[in-house]
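Shown next, in structure tokens, is the structure this report addresses.
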2 protein chains.
Amino acid sequence: MNIKEASEKTGVSSAAIRYYEKESLIPAIDRTPVGNRDIDDRIIRRIRFVTQMRAAGMSIENLRRYIELFDAQEDNTKEQKALLQEQLAVMEEKRDDLQAAIDHLNYKLNHFYDHMEATEEELRQLEKEHADKITQEDDTPDGF
Amino acid sequence: MNIKEASEKTGVSSAAIRYYEKESLIPAIDRTPVGNRDIDDRIIRRIRFVTQMRAAGMSIENLRRYIELFDAQEDNTKEQKALLQEQLAVMEEKRDDLQAAIDHLNYKLNHFYDHMEATEEELRQLEKEHADKITQEDDTPDGF
DNA sequence: GCTTGCCTTGAAGTGTACATGAAGGTTTAA
DNA sequence: TTAAACCTTCATGTACACTTCAAGGCAAGC
């Protein structure tokens, strides 16, 4: 498939795919006789892997380092493993921070009582929860 | 406290704190008679809130929009709520992507067998798992 | 044969989120 | 009283991750 189809399939722009190839985040892509990129499923998987890791907050630089190690299939499994574990730890921390932020926003959302929407039942529920939590969580009296 | 102490307390650079104030991510900070910023705990909480949301991937722009709504304490709770919910959705998707990436890496890690480290027991375990999963998960035969 | 639509490379431009530097003011310590 | 160590504003610089532009090649349809 050509680069445009690959772009549509992955949601990554053609320019970004070229950029990823240039930065060695994906392997060198095969070319047709006239020099156009001919992208197969292996490349598509790699692009998706890159997208996933990028979404997870991994920098291009770190990703390239990781992929370099992975592609050079020598006896560096120990190094790979260490790198993987290191990256995992970073990502898990990130996930936990994200969850904390989500909890924070959810808490705020649940303690919003919107006069236009809240049913009496919801209001009672919110007040009850608030009474339960006021001593432990109202260290942020300004809402932040 | 002065800006340097606030910076040390929050882990946010002095320049970034000034930038946040300029961009209205935090309220206008009180000044000492000579014009230096005098930062109190309310500002510290705001800085921490910004840090948390930034770490969660919220842009300065969105954060400012949200805080503007929040600070203008009029009857915009519906709008605030909508904005919060929008942001929550973004963050939950991000968390899920991150979890998917974590799962991906964990899978790879569990299927690494490092000749230098793996005990025979671990090796047997890995082979067993591999046999169990080969049909369902080996859609990534190249490791990506 | 010309337009359309894809592709190529390389260079330059863009947006975000700060960081850094210049020029100067204030307070403390020797 | 002079140096150190803070601070101020405003302007400019920087890193990252692309995006856009310029200039041109190839293939199909009219």
Side-chain angles (χ1 to χ4, degrees), chain A residues 1-40 43-44 46-68 87 90 94 97 101, chain B residues 1-40 43-44 46-68 87 90 94 97 101:
Chain A
M1 91 191 70
N2 66 23
I3 200 169
K4 203 192 184 202
E5 291 166 323
S7 169
E8 283 159 3
K9 205 165 180 178
T10 59
V12 175
S13 75
S14 298
I17 293 174
R18 292 194 195 98
Y19 173 73
Y20 288 164
E21 187 189 13
K22 203 171 163 194
E23 294 298 318
S24 304
L25 300 189
I26 56 181
I29 301 173
D30 290 342
R31 303 305 179 105
T32 64
V34 298
N36 292 4
R37 286 173 182 79
D38 186 15
I39 296 174
D40 60 20
I43 303 292
I44 295 291
R46 291 275 196 130
I47 293 170
R48 293 211 166 113
F49 177 74
V50 169
T51 306
Q52 202 173 35
M53 292 301 162
R54 293 282 307 117
M58 198 176 193
S59 71
I60 298 290
E61 172 65 16
N62 278 346
L63 200 41
R64 214 200 42 235
R65 277 177 26 199
Y66 166 70
I67 287 171
E68 256 168 33
Q87 184 59 26
V90 169
K94 208 156 195 150
D97 285 353
Chain B
M1 88 192 70
N2 67 24
I3 200 169
K4 203 192 183 201
E5 291 165 325
S7 169
E8 282 160 5
K9 204 164 181 178
T10 60
V12 176
S13 76
S14 298
I17 293 174
R18 292 194 196 98
Y19 173 73
Y20 288 165
E21 186 189 13
K22 201 170 164 195
E23 295 298 318
S24 304
L25 299 188
I26 56 181
I29 300 174
D30 290 342
R31 303 307 179 103
T32 66
V34 299
N36 291 5
R37 288 174 180 78
D38 185 15
I39 296 174
D40 60 19
I43 303 293
I44 296 291
R46 291 274 196 130
I47 293 169
R48 293 211 166 113
F49 176 74
V50 169
T51 305
Q52 196 175 36
M53 292 304 154
R54 293 281 307 117
M58 196 176 193
S59 71
I60 298 290
E61 172 64 17
N62 278 346
L63 201 41
R64 214 198 44 220
R65 275 176 27 199
Y66 167 70
I67 286 172
E68 256 169 34
Q87 184 57 29
V90 170
K94 209 155 193 152
D97 281 354

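Every chain is numbered from 1, with letters handed out A, B, ... down the list of sequences. Every heavy atom of this structure was used, including side-chain atoms; hydrogens, water molecules and symmetry mates were not.
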Any Lys/Arg nitrogen of A:Arg64 or A:Glu21 sitting under 4.0 Å from an Asp/Glu carboxylate oxygen of the other?
no

Indicate for each nucleotide in nucleotides 9-18 of chain D, in 5' to 3' sequence, whether protein heavy atoms under 4.0 Å reach the base (B), only the sugar-phosphate (S), or nothing (-).
B-------BB

Between A:Asp38 (CG) and D:dC26 (P), how many Å, whole number?
18 Å

In this structure, how many angstroms lie between the P atom of C:dT27 and the CG atom of B:Asn36, rounded?
9 Å

N-O pairing of A:Glu61 and A:Arg65 below 4.0 Å:
no

Out of A:Thr32, A:Asn2, A:Ile29, which one pairs with A:Asp38 under the side-chain contact (heavy atoms from CB on, under 4.5 Å) rule?
A:Thr32

Rounding to an integer number of Å, can you tell me how far A:Lys4 NZ sits from C:dC6 P?
4 Å

Using 0.5 Å steps for rounding, measure from the CD1 atom of A:Ile3 to the CD atom of A:Glu5.
11.0 Å

Just one of A:Val50, A:Ile39, A:Ile47 clears the side-chain contact (heavy atoms from CB on, under 4.5 Å) bar with A:Thr10, so which one?
A:Ile47

Whole angstrom is fine here: how far is it from CD1 in A:Ile39 over to P in C:dC6?
15 Å

Value in whole Å for how far the P atom of C:dT26 lies from CD1 of B:Ile3:
18 Å

Write down the atom of A:Ala6, the atom of A:Ile44, and the distance for their closest heavy-atom approach.
CB-CD1, 3.9 Å

Residue-phosphate contact under 4.0 Å: B:Asn2 side-chain N/O, D:dC7 OP1/OP2
yes

Spacing between A:Glu21 atom CD and C:dT8 atom C1', to the nearest angstrom:
12 Å

